[in-house]
Amino acid sequence: MNRRALLASGIILAGGGLAGCLGRGASGMEGDVPEPVDLSGGKYDDHGGMVIGRHGGANGQVFYAENAPDRGENPAWFHTLVFGLFPYHFGRLDRGWEPRVVYVTDFSQVEYELTERDGRLQMPAPTAAETFGEAAGLTYVAESEVMGGMGPALHPFSDEADAEAFAAEHDGIALSFEEIDPVIVERLQRGSGHGHDHDE
């Protein structure tokens, strides 16, 4: 699937309203934004219950203004973006939760090596606090041959040139944060374009 076809899949969302809400909320908390936390130490994904850092691919965390995950404290944390952070976050936005800030792995800040698992290339899953960047400012590679921990993945980069180079090398497309919506995430979950399946 090319960029135009993937983006066209999201047109049915009225005005793309959810995508613009993914970063900081409108709560006026710009001067008091919490820093990302370290996700190592056996923390479990708040959406799927998987151990963060064990399965490969970008991790994420979301601080909410007046709500918290079932654990009772922020941030909500995730071992995958396509199967964890975005589905969880879109669902919470539908409930009226307001995000203070969303962080995801920034592969422009990580010296990474691809590994091979079951015949597929896979990204690592760094968990240190300094490996996260504010999600709204990153460029995401989708539809590439490189997997995350659950299969098809979004690979975030703060340097747009890094993202474009990764997309060119690994048959992907580069998306801005604002272009990611529930329809695109669902299509990625189904592995559109490369025939990938959800493998865990």
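Along the sequence shown, residues are numbered consecutively beginning with 1.
Taking the side chain as every heavy atom from C-beta outward, H47 and L85 never approach each other to under 4.5 Å. You'll find the side chain of M150 stays beyond 4.5 Å of the side chain of Q189, heavy atoms only. Side-chain contact between E134 and V101 is present, with at least one heavy-atom pair separated by less than 4.5 Å. Using a 4.5 Å heavy-atom threshold, the side chains of L114 and V146 count as touching. Counting heavy atoms from C-beta on, the side chains of N74 and P69 come closer than 4.5 Å. Contact check for V62 versus F78: side-chain heavy atoms found under the 4.5 Å cut-off. Put simply, the side chain of R100 reaches to within 4.5 Å of the side chain of D32, judged on heavy atoms. Residues D106 and S158 have side chains in contact (heavy-atom distance under 4.5 Å, counting atoms from C-beta outward).
Of all heavy-atom pairs spanning L138 and G133, the tightest one is CD1-O, 4.2 Å. Smallest separation of non-hydrogen atoms from D38 and K43: O-NZ, 3.2 Å. Residue G53 comes nearest to N59 through the heavy atom pair N-OD1, 4.1 Å, listed as atom of the first residue, atom of the second, then distance. Shortest non-hydrogen contact noted between P75 and V37 is CG-CG2, 3.8 Å. Minimum heavy-atom separation, G49 to Y44: O-CD2, 3.0 Å. Listed here is the closest heavy atom pair of P124 and F107: O-CZ, 3.7 Å.
The OG1 atom of T139 lies 9.0 Å from the CG atom of L175; values are rounded to the nearest 0.5 Å. For the atom pair CE (M147) and CG (D118), the distance works out to 11.5 Å, reported to the nearest 0.5 Å. If you take CG on D162 and CD on E164, they are separated by 10.5 Å, rounding to the nearest 0.5 Å.
Listed for the S108 side chain is a donor-acceptor partner under 3.5 Å among the backbone atoms of D159. A donor-acceptor pair under 3.5 Å is absent between the side-chain atoms of E73 and the main chain of A68, judged by distance alone. Without hydrogens or angle criteria, E143 side chain to I173 main chain gives no donor-acceptor distance under 3.5 Å. W77 contributes no side-chain N or O that, together with a main-chain N or O of L39, makes up a donor-acceptor pair within less than 3.5 Å. With hydrogens and angles disregarded, no donor-acceptor distance shorter than 3.5 Å links the side chain of Y140 to the backbone of I180. Of the possible donor and acceptor atoms, one in the side chain of Q122 sits under 3.5 Å from a partner among the backbone N and O of H55.
Aromatic pair H155/F166: centroids less than 6.0 angstrom apart.
D46 is linked by a salt bridge (Lys or Arg N to Asp or Glu O under 4.0 Å) to R71, counting only residues two or more places apart in sequence or in another chain.
Cation-pi geometry between R92 and F90 is not met: the NZ or CZ atom fails to fall both under 6.0 Å from the ring centre and inside 45° of the normal.
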Exercise for the section: Given side-chain contact (heavy atoms from CB on, under 4.5 Å), test H79 with V51 step by step and report yes or no. Expected result: CA-CA 7 Å; H79 88 293; V51 177; over 6 Å; no

Practice task
Show your reasoning for whether salt bridge (Lys or Arg N to Asp or Glu O under 4.0 Å) applies to R190 and E186.
Solution key: CA-CA 6 Å; R190 295 199 305 264; E186 184 178 347; 3.3 Å; yes

Practice task
Please step through side-chain hydrogen bond (donor to acceptor under 3.5 Å, both in side chains) for the pair D171 and S144, ending with a clear verdict.
Solution key: CA-CA 5 Å; D171 192 25; S144 80; over 6 Å; no

Practice task
Please step through side-chain contact (heavy atoms from CB on, under 4.5 Å) for the pair H89 and V102, ending with a clear verdict.
Solution key: CA-CA 9 Å; H89 190 48; V102 181; 4.1 Å; yes

Problem - Working for side-chain contact (heavy atoms from CB on, under 4.5 Å), residues T131 and Y103 - result: CA-CA 10 Å; T131 64; Y103 292 111; over 6 Å; no

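Counting heavy-atom neighbours within 6.0 Å of E116 CD, excluding the residue itself, gives a total above 12.
Using a 30° and 60° split on the angle between ring planes, F177 and F86 fall in the tilted class, from 30° to 60°. Aromatic ring orientation, W97 versus Y64: perpendicular (interplanar angle above 60°, classes split at 30° and 60°).
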